[in-house]
Each structure stands twice: as C-alpha cells, then as structure tokens.
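Notes follow the structure.
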Amino acid sequence: MNYWLVKTEPESYSLEDLERKGEDVWDGVRNHQARNFIAKMNLGDLVFVYHSGKHKALVGMAKVICAPYPDPKAEEGEKWLAVDLRFEKYLPKPVHLADIKSSDSLQDLLLVRQSRLSVMSVEPSEAEVLLKMANS
DNA sequence: GCCAACGTTGGC
DNA sequence: GCCAACGTTGGC
C-alpha cells in the first residue's frame with residue numbers, strides 16, 4: 001500500500017465536497033510529474049488531502065478506489081490521467097504547512113520541496129509522522 | 001501585492 | 001537547441 005498527497009484549492013473543491021459526494025473523479029491534473037504519480041496509484045492506496053490557499057493544511061484522507069484511467073476531460077490526443085477517490089475521514093487535527101516545514105523528519109516531503117506539485121508520493125516514514133501529528 | 005519556482009511558447 | 005517572455009501556482 002502506498003501513500004499519496006493531493007492538493008486542492010478548497011474554494012473550488014474541498015474535502016467537504018468529496019465527503020458530500022462520497023466518491024469522485026480526481027481529474028484535471030495537467031503536470032507531467034503529477035501525472036506520473038497518478039500512474040503509479042493502486043486500488044486501496046491512501047491519499048492525504050491538502051487544502052492550499054488560505055488554509056494550507058492537510059485535512060483528511062481519501063482512498064484510491066480504481067486503477068488510473070485516461071482523464072475524460074483531456075483534449076483529444078493528450079494523455080492525462082485520472083483516478084477515483086473515496087472520502088475516508090477527516091484528520092483528528094489538521095496538519096498545518098508551517099508545522100510540516102518545521103519538522104526535521106519532513107524536510108524531504110515533496111510538499112515542502114516542490115511547492116507547485118499538485119499530486120505527489122509520500123514515503124511510509126513520512127506518512128507515519130504526518131499521521132502522528134494529526135493525532136497528537 | 002509580491003515573488004520564487006516551474007512550465008510553455010515562440011523567435012532566433 | 002537556446003533563451004527571453006510570459007503564464008500559473010501557491011506561499012509569504
């Protein structure tokens with residue numbers, strides 16, 4: 001099982017929206033690096049959901065519920081990918097970007113290293129730290 | 001509002 | 001193939 005992290009601007013699509021729908025397609029990713037991460041997603045993988053913009057915090061978890069497939073919104077001939085995610089839960093406590101940045105064990109997290117990336121992998125050790133922060 | 005980090009486009 | 005110009009994302 002792998003961990004991932006997806007970003008969303010809560011004003012346009014929030015974790016609450018995903019909760020309301022139960023499950024939804026995660027599409028519209030138009031970055032090659034992010035696309036390559038989507039390609040590696042597997043059924044049952046867990047996904048941290050991050051609210052960018054004013055919030056700047058991890059707020060919950062979702063689960064990958066299908067294999068990656070061609071983004072239905074992609075232009076003809078463009079090979080972008082989408083997956084379906086199911087709402088899992090809200091984190092007991094949001095994990096704020098500032099706290100992530102000040103944690104020694106999270107300096108390699110792609111969220112910190114590559115601020116513009118919208119879909120990324122999370123190492124198991126990093127996931128463990130994040131979940132610990134969310135529960136403490 | 002500014003800026004850093006990227007990505008893309010187009011001229012050469 | 002290089003690079004300047006420009007656009008976008010997202011933190012500060």
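Within every chain, numbering begins at 1; the chains are lettered A, B, ... in the order of the sequence lines, protein sequences first and strands thereafter. Quantities reported herein were computed from a predicted structural model and do not represent experimental measurements. Below, each value reflects all heavy atoms present in this structure, side chains not excepted, and no hydrogens, waters or symmetry copies.
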Send over the distance from A/Arg113 CZ to B/dA5 P, rounded to a whole Å. 13 Å
Whole angstrom is fine here: how far is it from CD in A/Glu78 over to C1' in B/dT8? 12 Å
Say whether A/Tyr90 and A/Glu19, considering side chains only, have a donor N or O and an acceptor N or O under 3.5 Å apart. yes
Would a 4.5 Å heavy-atom cut-off, applied to side chains only, mark A/Leu81 and A/Met41 as touching? no
Report yes if some heavy atom in the side chain of A/Lys7 is under 4.5 Å from a heavy atom in the side chain of A/Met120; otherwise report no. yes
Taking the axis from the first five pairs and the axis from the last five, what angle separates them in the helix from B/dG1-C/dC12 to B/dC12-C/dG1, rounded to 10 degrees? 10°
Taking NZ, NE, NH1 and NH2 as the nitrogens, is one of them in A/Arg30 or A/Asp71 under 4.0 Å from a carboxylate oxygen of the other? yes
Do A/Gln33 and A/Arg116 have side chains that approach each other closer than 4.5 Å (heavy atoms only, starting at C-beta)? no
Name the pairs: protein N/O against N/O of nucleotides 9-12 of chain C, kept only if under 3.5 Å.
| residue | atom | partner | partner atom | Å |
| --- | --- | --- | --- | --- |
| C/dG11 | OP1 | A/Tyr50 | OH | 2.8 |
| C/dG11 | OP2 | A/Gly53 | N | 3.1 |
| C/dG11 | O3' | A/Lys101 | NZ | 3.3 |
| C/dC12 | OP1 | A/Lys101 | NZ | 2.7 |

When you check the side-chain N and O atoms of A/Glu16 and A/Ser14, is any donor under 3.5 Å from an acceptor? yes
Atom CD of A/Gln114 to atom C1' of C/dT8: distance rounded to whole Å? 15 Å
I'd like to check the salt bridge (charged side-chain N to carboxylate O under 4.0 Å, His left out) partners of A/Lys73; sequence neighbours left out, ordered by chain and number. A/Asp27
Give the ring-plane orientation class for A/Tyr13 versus A/Trp26, where under 30° counts as parallel, over 60° as perpendicular and anything between as tilted. perpendicular
In whole Å, I'd like the distance from the CG atom of A/Asn36 to the P atom of B/dG7. 12 Å
